[in-house]
Amino acid sequence: MTREIVQYPDARLQTPCAPVADVTEVADLIRDMFATMYEAPGRGLAAPQVGVLKRVFVMDAGWKEGAKTPKTCINPEIIAASGRVTGPEGCLSAPGVLAQIEQHAEITLAYTDAAGLRQKETLSGFEAICAQHELDHLDGKMHFDRLTAKARQDLIADYEARK
Ligand code: NI
């Protein structure tokens, strides 16, 4: 089942999310988040984007180019990061605008998977960017909150004008 994608400036996108205590409590949520992400279509989706303030995101960085490789990240944490890279980022919760955002080029992410197992994985390229973008959502931040105050204000004005 797909769920409605919450649109900025909804307060649920600006509120830090709570840790997940037990993966069984988010099984239905995860299933719906993948359905919603693929239908949108998008490559990543965080729980607050469907109105649930829990620390879980889903991503599938390359499915538009080939086979699906769904990844579920529950209670994710960046435990190492290196390099800097700047590139265009969009968000399903703020459609129509792209922002040039600086992120780490490579991160090591610790997270609990859909089976409840703690994983540790080093991500680079688009997967690293996507994971950092989704993790920001869990902290109540939008990607454009990483911009300078002026650039952020201009982007939000552009977004509001397009709505
Ligand atoms: Ni987003």
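Only heavy atoms go into these numbers, but all of them, side chains included; no hydrogens, no water, no symmetry mates. Keep in mind that this is a model prediction, so the values were computed, not measured. We number each residue from 1, following the sequence as shown.
Under the 3.5 Å distance criterion, with hydrogens and angles disregarded, a donor-acceptor pair is assigned to the side chains of T122 and T108. A donor-acceptor contact under 3.5 angstrom links the side chains of R118 and T112, judged on distance only.
Taking OG1 of T2 as the reference point, atom CE of M37 lies at 13.0 Å (rounded to 0.5 Å). Expressed to the nearest 0.5 Å, how far CD1 of I129 lies from CE of M59 amounts to 10.0 Å. Atom CZ of residue R12 and atom SG of residue C17 lie 11.5 Å apart, to the nearest 0.5 angstrom. Separation of atoms OH (Y8) and NZ (K163) is listed at 9.0 Å; rounding is to 0.5 Å. Once rounded to the nearest 0.5 Å, the distance linking SG of C130 with NZ of K71 reads 10.0 Å.
L135 and V23 fall into different hydrophobic clusters, where Ile, Leu, Val, Met, Phe, Trp and Tyr are joined by side-chain heavy atoms under 4.5 Å apart, directly or via other members. Hydrophobic clustering (ILVMFWY, side-chain heavy atoms < 4.5 Å, transitive): M142 and Y159 are in one cluster. Cluster annotation: V52 is connected to V20 through the hydrophobic network of ILVMFWY side chains, with a link wherever side-chain heavy atoms come within less than 4.5 Å. By the criterion of side-chain heavy atoms lying less than 4.5 angstrom apart, applied directly or through intervening Ile, Leu, Val, Met, Phe, Trp or Tyr residues, V6 is not grouped with L29; the two fall into different hydrophobic clusters. One hydrophobic cluster, built from ILVMFWY side chains closer than 4.5 Å, cannot hold both L45 and L98; they sit in different ones.
Residues E127 and A61 come closest through the heavy atom pair CG-CB, 3.5 Å. Scanning both residues, L92 and I5, for their nearest heavy atoms gives O-CG2, 3.7 Å. The two residues A131 and I107 come nearest to each other via the heavy atoms CB-CD1, 4.0 Å. Considering all non-hydrogen atoms of both residues, P70 and D60 come closest at N-OD2, 3.5 Å. Residue A128 comes nearest to A105 through the heavy atom pair CB-O, 3.6 Å, listed as atom of the first residue, atom of the second, then distance. Among all heavy-atom pairs drawn from A46 and M33, the shortest one is C-CE, 3.5 Å.
Using a 4.0 Å cut-off between charged side-chain N and carboxylate O, D32 and R3 make a salt bridge. A salt bridge is defined here as a Lys NZ or Arg NE, NH1 or NH2 lying under 4.0 Å from an Asp or Glu carboxylate O, and D139 with R55 meets this definition. Salt bridge status for D136 with R146: present, with a side-chain N to carboxylate O gap under 4.0 Å. D145 has a carboxylate O that lies under 4.0 Å from a charged side-chain N of R152, or vice versa, which qualifies the two as a salt bridge.
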Verdict with reasoning, L109 to I78, per side chain to side chain contact (heavy atoms under 4.5 Å, CB included): CA-CA 5 Å; L109 193 69; I78 294 174; 4.0 Å; yes
Test log, rule side chain to side chain contact (heavy atoms under 4.5 Å, CB included), inputs Q153 and I156: CA-CA 5 Å; Q153 194 176 24; I156 291 171; over 6 Å; no
Stepwise side chain to side chain contact (heavy atoms under 4.5 Å, CB included) check, I74 with V26: CA-CA 9 Å; I74 299 164; V26 289; 4.1 Å; yes
Verdict with supporting geometry, F34 and T72, side chain to side chain contact (heavy atoms under 4.5 Å, CB included): CA-CA 9 Å; F34 275 115; T72 301; 3.2 Å; yes
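Listed by first and then second residue, the side-chain hydrogen bond (donor to acceptor under 3.5 Å, both in side chains) pairs that reach into residues 86-102 are Q49-S93, R84-E102, E89-Q103, E89-H133, sequence neighbours excluded.
For F57 and Y111, the ring centers sit 6.0 Å or farther from each other.
Checked options L138, T15, L13; the residue passing with L53 is T15 (criterion: side chain to side chain contact (heavy atoms under 4.5 Å, CB included)).
Scored by the salt bridge (charged side-chain N to carboxylate O under 4.0 Å, His left out) test, E4 finds no partners at all (sequence neighbours excluded).
By the 6.0 Å contact criterion, CD on E39 is open, its count of non-hydrogen atoms from other residues, nucleotides or ligands being 12 or less. Heavy-atom neighbours of K150 NZ from other residues, nucleotides or ligands within 6.0 Å: at or below the threshold of 12. For K120, the NZ atom sits in a loose shell: 12 or fewer heavy atoms of surrounding residues, nucleotides or ligands are nearer than 6.0 Å.
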